[in-house]
Amino acid sequence: METYKQNPDFLNIGRKLLDWYSVYGRDLPFRKTKNPYKIWICEVVFQQTRIAQGMSHYLNFIERFPDIKSLADASTDDVLLHWKGLGYYSRAMNIHKAAKQIVEEFNGEFPSEYRDILKLKGIGKYTAAAVSSICFGGDYPAIDGNFYRVISRLFADDYDISKSTAFQYFSEISMKIIPENRMGDFNQAMMDLGSEICKPKNPVCIICPVNEDCLAFSTGKTNLFPVKNKKTEVKDLSLTYYFVSFEDKFLIRRRGTDFIWKNLYEFPVSVPEAWEQYIAKHTNVKHKLTHRNLNIDIYTVNLPHQNLFEDFASEGDFIISSFEESQSKSFPKPLENYIKHSAVGEASFH
DNA sequence: AACTCGGGGGA
DNA sequence: TCCCCAGAGTT
């Protein structure tokens, strides 16, 4: 579809968006700074994450790790702890690695060139463009979900945004409507318009600053854009855990770097058959993720002797943890919830 | 180019 | 239920 090429005034659309942003832009904590470290962290926190959901994590993260060096010097557990419950945990590991990368390769100073920013672990085209444009005046459009939606509706463009070529496609279109030297503000204007006005469902077109220019609106077809053909399959996943405890301690172990919940902690996934007699309770936890329906069985194992507990721990390389100690580690959400509501957890509250 | 990685919220 | 959210890494 070539409709957008017939639009009479691309630049005027960009100016309207900037004017709207200067008045109605959201007042967010990271809007008051051009500190590339803070902009970087916020961009990664809010990848595939709503502002309301990630805000407390962002604030806590920045408070605990106020600069690149403090992050580079931190432990894996400490970094993951501040990412606890946020999901997509490789983001935290990548941020940690990138901080070390900046210390080693860029003398501890956040790189100012787009190409250098792009070299950092966990920073892709979108985040590099956002940091570059907001902090260093780089001329790169930050093409994200908001961007796809706004542009595809403006020009009623049915290009499939789930295709890997969509980034390049929408990048070229967007360059036609962006005023010179205002890329940072423009990128943030797109984010706010997409979040507040041009929402995925029920967009508030009546107060949109560019509704006169929007082909999807004028034809009453905003619900048809953007076009996204790829459908994600939801799979079932069953897990079994054993909450092995003795007095107020229980066993935990760090997960591997494969599959889900990379580097987070979990309970033992098996116990000796002879321990059948010590299984006291069975809890079934159902947990929904984006691409998975989780079905988790958790068996409570109360051991009668401390030596059984300690032998099993040392053989299986488990950590004997108290409730308090577990609070300094990052668990998958359903296991976190289980610990919180377990007898061990409740006992520790009193 | 397709697949994988969490969790929460809105409709 | 289904879809989406300030996407990136791996294969």
Side-chain angles (χ1 to χ4, degrees), chain A residues 25-26 28-31 38-58 80 83-95 97-98 117-134 140-150 160-168 170 184 186-196 198-203 223 225-235 237 255-264 286-294 330-337:
Chain A
R26 288 176 292 183
L28 302 170
F30 35 86
R31 285 281 166 73
K38 291 185 177 177
I39 297 298
W40 166 41
I41 299 301
C42 96
E43 291 300 339
V44 176
V45 166
F46 294 112
Q47 284 170 10
Q48 301 295 286
T49 305
R50 296 171 188 281
I51 296 296
Q53 183 186 357
M55 184 59 77
S56 64
H57 283 84
Y58 167 75
L80 278 175
W83 210 267
K84 183 164 64 175
L86 197 52
Y88 285 165
Y89 298 97
S90 58
R91 289 184 295 175
M93 304 303 293
N94 288 337
I95 279 181
K97 185 165 186 176
I117 299 173
L118 201 51
K119 292 176 184 171
L120 299 174
K121 196 72 173 176
I123 295 189
K125 287 178 292 185
Y126 164 78
T127 304
V131 176
S132 171
S133 64
I134 294 171
Y140 302 91
I143 315 289
D144 66 343
N146 292 313
F147 218 109
Y148 287 141
R149 193 167 57 253
V150 172
D160 183 1
I161 67 166
S162 61
K163 295 181 66 175
S164 57
T165 50
F167 188 98
Q168 180 62 28
F170 283 97
F186 182 84
N187 283 337
Q188 295 179 94
M190 292 292 275
M191 299 173 197
D192 283 11
L193 189 80
S195 171
E196 308 287 288
C198 198
K199 299 180 293 184
K201 291 178 180 176
N202 303 327
N223 60 322
F225 302 98
V227 172
K228 188 176 183 181
N229 290 328
K230 187 171 69 178
K231 43 201 167 189
T232 55
E233 184 184 359
V234 178
K235 295 180 178 178
L237 176 63
R255 285 184 61 82
T257 54
D258 61 327
F259 202 35
I260 61 175
W261 300 324
K262 295 179 183 56
N263 291 303
L264 272 62
K286 294 195 181 302
H287 194 83
K288 298 183 66 160
L289 300 179
T290 298
H291 303 297
R292 251 184 274 272
N293 287 323
L294 293 182
S330 189
F331 289 84
K333 200 66 178 180
L335 299 190
E336 163 108 8
N337 292 340

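Below, chain A is the first sequence line, B the second, and so on; all start at residue 1. Predicted model only: the values in this text are computed from it and were never measured. Values below: every heavy atom of this structure, side chains too, minus hydrogens, waters and symmetry copies.
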Tell me what A/Phe147 touches on the nucleic acid: a base, only sugar-phosphate, or nothing, going by heavy atoms under 4.0 Å. nothing
Please determine if a side-chain N or O atom of A/Lys231 lies less than 4.0 Å away from the OP1 or OP2 oxygen of C/dC2. no
What does nucleotides 5-11 of chain C look like as a protein-contact string, B for base, S for sugar-phosphate only, - for none, at under 4.0 angstrom between heavy atoms? BBBSSS-
How is A/Gly85 classified with respect to the nucleic acid when contacts are heavy atoms under 4.0 Å: base, sugar-phosphate, or nothing? sugar-phosphate
Please tell me whether A/Asn94 and A/Arg91 have a donor and an acceptor in their side chains that are separated by less than 3.5 angstrom. no
Whole angstrom is fine here: how far is it from CZ in A/Arg292 over to C1' in B/dT4? 8 Å
Please give, in whole Å, the distance from B/dG6 C1' to A/Asn293 CG? 13 Å
Taking any heavy-atom pair under 4.0 Å as a contact, classify A/Lys262: base, sugar-phosphate, or nothing. sugar-phosphate
Using whole Å, what does the distance between atom P of nucleotide B/dG10 and atom CD of A/Glu196 come to? 13 Å
Using side-chain heavy atoms (C-beta onward) and a distance below 4.5 Å, is A/Asn263 in contact with A/Tyr89? no
So A/Tyr148 and A/Ile143, do their side chains get closer than 4.5 Å, heavy atoms only? yes
Between A/Phe259 and A/Leu237, is there a side-chain heavy-atom distance shorter than 4.5 Å? yes
If B/dG6 has a Watson-Crick or G-U wobble mate with both distances under 3.5 Å, name it; if not, just say none. none
When the ring centroid of A/Phe147 is compared with that of A/Phe170, is the distance short of 6.0 Å? no
Students often get this wrong, so: under 4.0 angstrom with heavy atoms, is A/Lys201 touching a base, only sugar-phosphate, or nothing? base
Quick check on A/Lys97: does its NZ atom have over 12 non-hydrogen neighbours (other residues, nucleotides or ligands) under 6.0 Å away? no
